[in-house]
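Notes for the one structure printed next.
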Number of protein chains: 2
Amino acid sequence: MTVDIFSALSDEEGRLSGLEKRLATLVLDDVDFVVKSSISDLAERAGVSPPTVTRFCRRLGCQGYQDFKVQLAKITYVGLRYLKPETPSTTPQEVAEDIVTKAQNALFQFHKQIDVAALDKAAHLLRGAEFIQAFGATGNSAMIVNELHNRLFRLDCRIHASNDHSMNIMLSAAARPGTVVVGSSITGRDLDLVQCFNLLRKRSIPTIALTQSGSPVAEAADVVITIDLPEGNNIFRPTATRYAYLATIDILANLVAYADRNRAVKVLRSIKEELVRYRDGDDRQVLGD
Amino acid sequence: MTVDIFSALSDEEGRLSGLEKRLATLVLDDVDFVVKSSISDLAERAGVSPPTVTRFCRRLGCQGYQDFKVQLAKITYVGLRYLKPETPSTTPQEVAEDIVTKAQNALFQFHKQIDVAALDKAAHLLRGAEFIQAFGATGNSAMIVNELHNRLFRLDCRIHASNDHSMNIMLSAAARPGTVVVGSSITGRDLDLVQCFNLLRKRSIPTIALTQSGSPVAEAADVVITIDLPEGNNIFRPTATRYAYLATIDILANLVAYADRNRAVKVLRSIKEELVRYRDGDDRQVLGD
DNA sequence: CGTGCGTGAAAATAAATTTCTTAAGTTTGT
DNA sequence: ACAAACTTAAGAAATTTATTTTCACGCACG
């Protein structure tokens with residue numbers, strides 16, 4: 001994985017000296033320039049000597065200037081804007097770029113924190129379940145659990161997705177052994193979901209949470225898949241965290257499928273067959289367009 | 001934007017000479033090595049002379065070896081695996097990484113082809129609509145149009161999302177002037193959607209399609225937002241194209257909001273207020289967790 | 001039997017790093 | 001409180017390393 005040069009650049013806990021701080025600012029300010037320049041260009045522009053630049057790079061954890069440039073280039077496309085002060089994007093072009101970048105950022109950050117063990121454990125729990133309940137409310141999490149439904153029913157899972165708080169309580173109270181409950185909450189402060197989880201724990205029904213670590217929801221669940229991402233503050237913009245959640249669903253679904261491929265492939269095949277028949281033999285569609 | 005070194009590397013329409021092809025293979029085979037090495041290391045490993053490497057870089061459109069390395073590093077994180085032959089991922093770790101990478105790839109490719117004009121046009125059409133119908137069926141597109149609903153109702157749009165083919169026909173037949181219809185189809189071969197669009201065109205109701213260019217659905221719509229991405233072939237894996245569609249929704253929603261900020265902010269504020277009140281003053285939640 | 005392209009050897013240039021030196025600040029001892 | 005000893009930051013010059021240019025050779029194709 002890439003050295004995390006960014007956190008280093010942004011401050012480095014005061015380990016940077018005066019001129020080095022100047023360098024850091026310059027670098028963050030114009031990554032493109034740095035990536036294109038030689039050490040002496042950069043030194044000149046920063047008003048320092050080349051050796052200072054070399055030392056700066058080393059302190060950031062790189063081998064030297066070249067390595068530094070490469071590391072920098074690596075994270076240029078993804079991740080850059082996270083450090084820069086939020087410049088509100090206004091033109092349609094900017095809006096589009098910004099949204100895509102944020103989405104990639106979310107995936108990037110998520111990628112660094114994936115808890116494979118938890119995912120795997122959850123997948124096996126799901127694969128073994130006789131019935132799955134998926135709870136998620138108010139838009140974002142609703143989308144996520146509906147998507148979980150959409151993915152898992154194809155893999156021969158019996159699953160129901162519910163987006164209704166009151167229903168969820170009833171469903172929790174009615175759940176029999178053999179049931180596994182998945183709940184999603186981006187903030188982890190969905191207290192109705194906590195209530196469901198508590199009830200389920202008392203009844204020894206296993207629960208899986210997709211949520212923020214250390215949150216009430218996380219505390220209440222048996223298996224916790226944590227997704228901790230910073231939230232943007234543009235109220236006109238849906239949260240980029242959704243992309244990470246969606247990826248989580250995809251990973252989960254894939255792991256469930258792999259946990260018993262034969263079983264999964266059987267259902268997938270018959271769904272496909274039926275779709276093709278229904279659509280008059282047009283085989284070009286994705287499974288579930 | 002980054003020079004598209006990848007397409008150059010992968011074939012270059014036969015413009016590469018014998019040794020250069022060898023270099024290209026080596027580079028694709030071990031990007032990490034190249035990115036870390038000096039020109040002479042690379043030359044030695046490829047069994048060529050340093051000048052050949054320099055010429056190779058130039059032919060690929062770079063200024064020299066350093067520039068080449070930087071370009072390469074830029075696209076290392078995103079986009080790389082697209083060129084490599086699909087190695088089936090089996091361990092949970094690999095599955096997770098692969099899904100995230102594919103999702104980022106989808107966003108990356110999407111980013112290069114965004115038709116801002118079409119998006120902007122669509123956004124203004126939506127902002128001006130008295131009522132919006134959103135049609136999308138069979139899972140993937142269903143998620144997308146439901147998400148569109150979830151985004152737009154917050155912005156003071158009157159919108160209904162429907163995932164039912166027969167309903168869609170009825171809704172199309174019933175649509176009055178002032179209505180705008182959005183339809184999503186990943187493959188563009190959703191013939192029921194085409195039928196709806198044809199009906200709507202006859203009745204002069206404007207339509208917006210999110211779909212593949214040149215497809216039947218695209219032909220039948222007034223405004224076409226094209227999303228053309230290669231499909232993976234792992235049947236256990238949902239299509240990564242969904243991430244691009246989701247980004248499209250986010251962009252659309254943001255543009256609709258910006259088309260009349262005051263109007264949008266008013267509704268957003270009252271939704272927020274109501275949520276905070278309902279949740280006992282906990283203000284930390286995302287709008288619609 | 002040229003002409004042109006691909007190639008490498010050697011030379012020239014450019015880039016980066018090391019070493020050495022100085023200066024400025026910090027700590028410690030009296 | 002002051003100075004000596006130490007530490008750290010920084011650059012100049014020297015050195016090393018890397019890259020590119022130039023030039024010459026050889027092979028393929030007309």
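A note on names: the letters A, B, ... follow the listed sequences, proteins ahead of strands, and every chain is numbered from 1.
Rounding to whole angstrom units, CG of residue A/D67 and P of D/dT17 are separated by 18 Å. Put simply, CG on B/L42 is 16 Å from C1' on D/dT17, counting in whole angstrom units.
Looking at A/S213 and A/T226, their side chains never bring a donor and an acceptor atom within 3.5 Å of each other. Under the 3.5 Å distance criterion, with hydrogens and angles disregarded, a donor-acceptor pair is assigned to the side chains of A/Y243 and B/D250.
Within the 4.5 Å cutoff, side-chain heavy atoms of B/E147 are placed close to those of A/N140.
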Polar atoms only, N or O, under 3.5 Å: list the protein pairs with nucleotides 14-19 of chain C and their distances.
from   : atom 1 : to    : atom 2 : distance (Å)
C/dA16 : OP1    : A/Q66 : NE2    : 2.5
C/dA16 : OP2    : A/I39 : N      : 2.3
C/dT17 : OP1    : A/Y65 : N      : 3.3
C/dT17 : OP2    : A/T54 : OG1    : 3.1
C/dT17 : OP2    : A/Y65 : N      : 3.3
C/dT18 : OP2    : A/R58 : NH1    : 2.9
C/dT18 : OP2    : A/R58 : NH2    : 3.2

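Across all strands, B/V48 comes closer than 4.0 Å only to sugar-phosphate atoms, never to a base (heavy-atom distances).
Annotation for A/Q113: atom CD counts as buried by contact number, over 12 foreign heavy atoms lying within 6.0 Å.
The distance from atom CD1 of B/I225 to atom OH of B/Y245, rounded to the nearest 0.5 Å, is 10.0 Å.
Dashed line: the shortest gap from a side-chain N or O of B/R22 to OP1 or OP2 of C/dT7 is not under 4.0 Å. Of the side-chain N and O atoms in B/S49, none sit less than 4.0 angstrom from OP1 or OP2 of C/dT7.
Panel note: side chain A/T52, backbone A/V48; no donor-acceptor pair is recorded below 3.5 Å.
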How far apart are the C-alpha atoms of B/L210 and B/I249, what are their side-chain angles, what is the distance that settles it, and do they pass the side-chain contact (heavy atoms from CB on, under 4.5 Å) test?
-> CA-CA 9 Å; B/L210 275 60; B/I249 298 299; 3.9 Å; yes
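Axis angle between the ends of the helix from C/dC1-D/dG30 to C/dT30-D/dA1, five pairs each and rounded to 10 degrees, works out to 20°.
In summary, B/K102 and B/D98 engage in a salt bridge, as defined by a charged side-chain N under 4.0 Å from a carboxylate O.
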